[in-house]
Amino acid sequence: MEQRQLLRFLGILEKMKCYTRHSWTSSGRRESVAEHSYRLMAMAFLLREEFVDADMDKVLAMCLIHDWGEAVTGDIPSFLKSEKDEAKEEQMIDGLLSMLPERTAERIAPLFDEIRRQETQEAKIFAAMDKLEAVIQHNEADISTWIPLEYELNLTYGEEQANPIPYFAKLRKIAKEDSLKKLNQKNKTT
């Protein structure tokens with residue numbers, strides 16, 4: 001890749017550091033899109049031995065690229081995202097890929113398709129981790145950052161993706177227990 005082309009593309013991806021998500025950090029500030037992607041990559045890296053039959057390098061790549069469209073659109077919380085928003089994000093991804101050298105784009109585009117179709121083991125592992133990371137982040141943040149909708153949502157979000165995978169089903173159960181503890185503590189103080 002030509003250096004100026006790389007710098008232009010990295011300049012777009014830099015916005016993932018600037019755009020914040022709906023989630024808050026434990027220090028009381030909004031989480032960036034890039035921080036979410038980073039922790040997903042860390043999860044994939046750490047769980048390599050749990051999924052020896054999966055191509056965890058592919059999962060790691062999915063974690064890296066999955067929110068590239070948000071470098072252009074910004075984050076829209078899942079409970080607000082419409083089909084129109086999804087279509088716009090896909091359009092932005094296509095635009096981003098068109099900025100890359102053909103060989104690079106041809107290597108990355110199938111990963112986006114795999115994420116969208118959710119048919120492979122790797123895409124399913126990625127999807128479960130993506131949802132679980134959001135739940136975990138909410139549990140780490142102060143409950144005052146939760147909106148009322150999240151009192152229920154944090155108890156169920158990602159179950160559909162996590163439950164078919166035994167490792168993630170157990171992690172989802174633990175995250176739900178943590179959410180319930182947080183909610184019970186809130187109820188005791190109000």
Any sub-3.5 Å donor-acceptor pair from [X]'s side-chain atoms to [Y]'s backbone N or O?
X    : Y    : result
N154 : H138 : no
S37  : A34  : no
R30  : W24  : no

Would you say [Y] and [X] are linked by a side-chain donor-acceptor pair, where the criterion is simply a distance under 3.5 Å?
X    : Y   : result
E150 : H22 : yes
D85  : S82 : yes
E133 : H36 : yes
Q137 : R39 : yes

Worksheet entry | Verify same cluster id: L180, L171 (apolar side-chain graph, 4.5 Å) |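 No, no single cluster joins them.
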Worksheet item: Does M43 belong to the same Ile/Leu/Val/Met/Phe/Trp/Tyr cluster as V135, with side-chain heavy atoms less than 4.5 Å apart forming each link?
Response: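 No; tracing contacts between hydrophobic side chains, which count when under 4.5 Å, never links both residues.
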Discussion item. The criterion is side-chain contact (heavy atoms from CB on, under 4.5 Å); which residues satisfy it with Q91, sequence neighbours excluded?
Written reply: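 Expected list: none.
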Worksheet item: Do L96 and F9 have side-chain heavy atoms sitting under 4.5 Å apart?
Response: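 In short, these two side chains touch, coming nearer than 4.5 Å.
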Fill in: Test item: S179 and W146 side chains (from C-beta on) under 4.5 Å apart, heavy atoms
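The answer is yes, as the side chains (C-beta and beyond) meet within the 4.5 Å cut-off.
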Do any side-chain atoms of residues 45-59 form donor-acceptor pairs under 3.5 angstrom with protein atoms, and if so which ones, sequence neighbours left out?
from, atom 1, to, atom 2, distance (Å)
R48, NH1, D57, OD1, 3.1
R48, NH2, D57, OD1, 3.1
D55, OD1, D57, N, 3.2
D55, OD1, K58, N, 3.1
K58, NZ, E114, OE1, 3.1
K58, NZ, E114, OE2, 3.4

Worksheet item: Quick check: are there more than 12 heavy atoms from other residues, nucleotides or ligands sitting under 6.0 Å from OH of Y19?
Response: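 Yes, OH of Y19 has more than 12 neighbouring heavy atoms, counting only those of other groups under 6.0 Å.
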When the side chains of residues 69-80 are checked against the rest of the protein, which donor-acceptor pairs come out under 3.5 Å, sequence neighbours left out?
from, atom 1, to, atom 2, distance (Å)
T73, OG1, G69, O, 3.3
S78, OG, Y157, OH, 3.2

Worksheet item: Which residue pairs satisfy the ring-ring contact (aromatic ring centres under 6.0 Å, His included) criterion with at least one member in residues 108-130, sequence neighbours excluded?
Response: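 Of all non-adjacent pairs touching residues 108-130, those that pass ring-ring contact (aromatic ring centres under 6.0 Å, His included) are H66-F126.
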Worksheet item: Cluster partners of I174, using ILVMFWY side-chain heavy atoms under 4.5 angstrom, listed by chain and number?
Response: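 Direct or chained contacts put I174 with none.
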Worksheet item: Sequence neighbours excluded, which residues qualify as side-chain hydrogen bond (donor to acceptor under 3.5 Å, both in side chains) partners of N163?
Response: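 Once residues adjacent in sequence are excluded, N163 has no partner under the side-chain hydrogen bond (donor to acceptor under 3.5 Å, both in side chains) criterion.
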